[in-house]
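We count ligands from 1, going down the list as the structure has it; atoms in each ligand are counted the same way.
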Amino acid sequence: MTHKPLLRSMVPAEFAALAAAAGVPAYRGRQLLAWLFKHGALSWDRMSNLPHSWRDLLSATYDLTGLHLQERQLAADRTRKYLFQLRDGHTIESVIIPMAGHITFCLSTQVGCAMACTFCATARGGLVRHLEAGEIIEQILHLRSDLAADPVPGQGNRQANVVFMGMGEPLDNWQAVARSLQTMMAEDGMAMSRRRIQISTSGPAAGLQRLIAASPGVGLTLSLGGSTDEERRKVMPVPGRTTLQEALQLAAKYGHQTGRRITIAWVLIEGQTDGLDQAARLAQLLTGRDFQVNLIPLNPLDDSRLEPSSERAVQDFQKVLTDAGVPTFIRASGGRDIAAACGQLRRRRQ
Ligand code: SAH
């Protein structure tokens, strides 16, 4: 099945040429841009100041939307989880995570994932396909419109943070992720600050090199899961092919380039990744580097015997790191009652 291209897969800089090719004045291109990215129009009808003739022409060539909301779940802790159906029938998840003082949108970059991490629900079905830039951007628009219709109490109108921590490995789909970043940060796109954007990666070397070359200035989280190459390969078999030293060196290089502290994400699985010897080795790896560690107790899957570390084990692990001078934070995994860990909702529906 072939579809029309998604209009929102184009980046703002390409719209002047689009208007010119259609023979409409340049300001029409800017009006269209505002509808697409600022107002987040999900129907052509909303673009009331654009001539019908141009809207008809555009809709004959492009699809305006590629996501259809299939399910919305609200957790006791106010985490919201969304399951979207794509035009080809595949599904992806996005999450809204309300935190003290701000809201975070968690986006998917692929349908499925090729990384095969043992603890991750998305890994189960393997990689199905990359998302296009328009499919990444549209997640933000649906989440925004849901928030506008049903605001999180106590949260003002501040712009949400965006993290690429949903389904998929963002650096394996760099082309689309880079385009979505352009649209998110462009003044005539979504005008988001790079400070509010964070890419989370399992650290493929080629992907990190592309990120360094493009230097978008957004934040970087490196998911580690092991303090030696061997340990890491056990829980993250594909990412484990890049050596720890190489992944850390490349992440550090990106950190220097952007002047931003790199975050290490460490999933705590009982008996597998919560050893105090592992904490000590991790501390050693990070000493002298501007890194911080986020400890994430495992959000357990329904089909595996992996268990989260006990609260005590989490605190002991943290103490080894903080005693060694590594800033370390415990990140409670939100929305446990609604299966908010990466890929769990999609799995449940299949
Ligand atoms: N592929 C990218 C982004 C998606 S995973 C990456 O690896 O970073 C985003 C984060 O969710 C990773 O840090 C991963 O370790 C974590 N994660 C995945 N499944 C989890 C689970 N069941 N419980 C806790 N954290 C999980």
Side-chain angles (χ1 to χ4, degrees), residues 79 81 92-95 97 104-127 130-131 136 139 162-174 176-177 197-205 207-208 211 218-226 231-232 234-242 244 247 250-251 254 262-270 272-274 282 291-309 314 329-348:
T79 300
K81 183 127 194 179
I92 53 163
E93 301 176 4
S94 319
V95 188
I97 310 161
T104 299
F105 290 172
C106 178
L107 308 185
S108 290
T109 56
Q110 295 178 316
V111 180
C113 186
M115 296 298 107
C117 302
T118 58
F119 51 84
C120 178
T122 304
R124 296 298 198 261
L127 176 65
H130 293 317
L131 294 186
I136 297 172
Q139 294 172 60
V162 169
V163 297
F164 289 87
M165 287 187 194
M167 297 170 55
E169 170 44 59
L171 297 189
D172 272 0
N173 184 16
W174 177 245
V177 168
I197 305 172
Q198 183 85 209
I199 290 183
S200 181
T201 181
S202 59
L208 285 169
L211 179 73
V218 301
L220 183 67
T221 296
L222 177 64
S223 304
L224 223 49
E231 257 175 50
R232 188 166 195 246
K234 263 189 211 153
V235 283
M236 302 175 68
V238 179
R241 291 176 200 163
T242 300
L244 271 180
L250 289 170
Y254 181 75
I262 301 297
T263 299
I264 298 294
W266 185 281
V267 183
L268 283 165
I269 308 169
E270 184 173 49
Q272 290 205 10
T273 62
D274 60 358
L282 176 61
F291 282 20
Q292 72 169 52
V293 175
N294 284 355
L295 299 175
I296 317 161
L298 175 78
N299 199 334
L301 310 187
D302 51 10
D303 69 337
S304 97
R305 271 169 300 198
L306 301 180
E307 297 283 345
S309 305
V314 174
F329 308 91
I330 298 170
R331 294 274 180 254
S333 186
R336 204 162 274 206
D337 54 323
I338 56 160
C342 204
Q344 290 190 20
L345 178 59
R346 180 183 71 135
R347 238 182 89 64
R348 205 179 265 180

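Judged by the shortest distance from any of its heavy atoms, M165 lies inside the 4.0 Å radius around the atoms of ligand 1. Residue contact check for ligand 1: G166 places a non-hydrogen atom closer than 4.0 Å to it. Distances shorter than 4.0 angstrom do not occur between any heavy atom of P308 and any atom of ligand 1.
Of the residues D172, V238, L250, L211, the one that meets the side-chain contact (heavy atoms from CB on, under 4.5 Å) test with P204 is D172. Exactly one residue among V163, T104, V162, V218 makes a side-chain contact (heavy atoms from CB on, under 4.5 Å) with Q198. That residue is V163. For the pairing with L244, the side-chain contact (heavy atoms from CB on, under 4.5 Å) check across L282, L222, L224 returns one residue only, L224.
Each of the following atoms of ligand 1 lies closer than 4.0 Å to a heavy atom of S202: 6 (C), 7 (O), 8 (O). Every atom of ligand 1 with a heavy atom of S223 under 4.0 Å away is listed here by number and element: 6 (C), 7 (O), 8 (O), 12 (C), 13 (O). Residue-ligand proximity, G168 to ligand 1, at heavy-atom distances under 4.0 Å covers atoms 1 (N), 2 (C), 3 (C), 4 (C).
Contacts between L298 and ligand 1 below 4.0 angstrom, taking non-hydrogen atoms only, involve backbone and side chain alike. The side chain of A265, and not its backbone, has at least one atom closer than 4.0 Å to an atom of ligand 1 (non-hydrogen atoms only; side chain from C-beta on). The residue L222 has no part lying near ligand 1, judged by heavy-atom distances below 4.0 Å.
The two residues P170 and F164 make their nearest non-hydrogen contact at CG-O, 3.8 Å.
T109 and E169 form no side-chain donor-acceptor contact under 3.5 Å, judged by distance and modelled atom types alone.
Under the 3.5 Å distance criterion, the side-chain polar atoms of T273 are matched with a main-chain donor or acceptor of V267. Looking only at distances, a side-chain donor or acceptor of S108 sits under 3.5 Å from a matching main-chain atom of E93.
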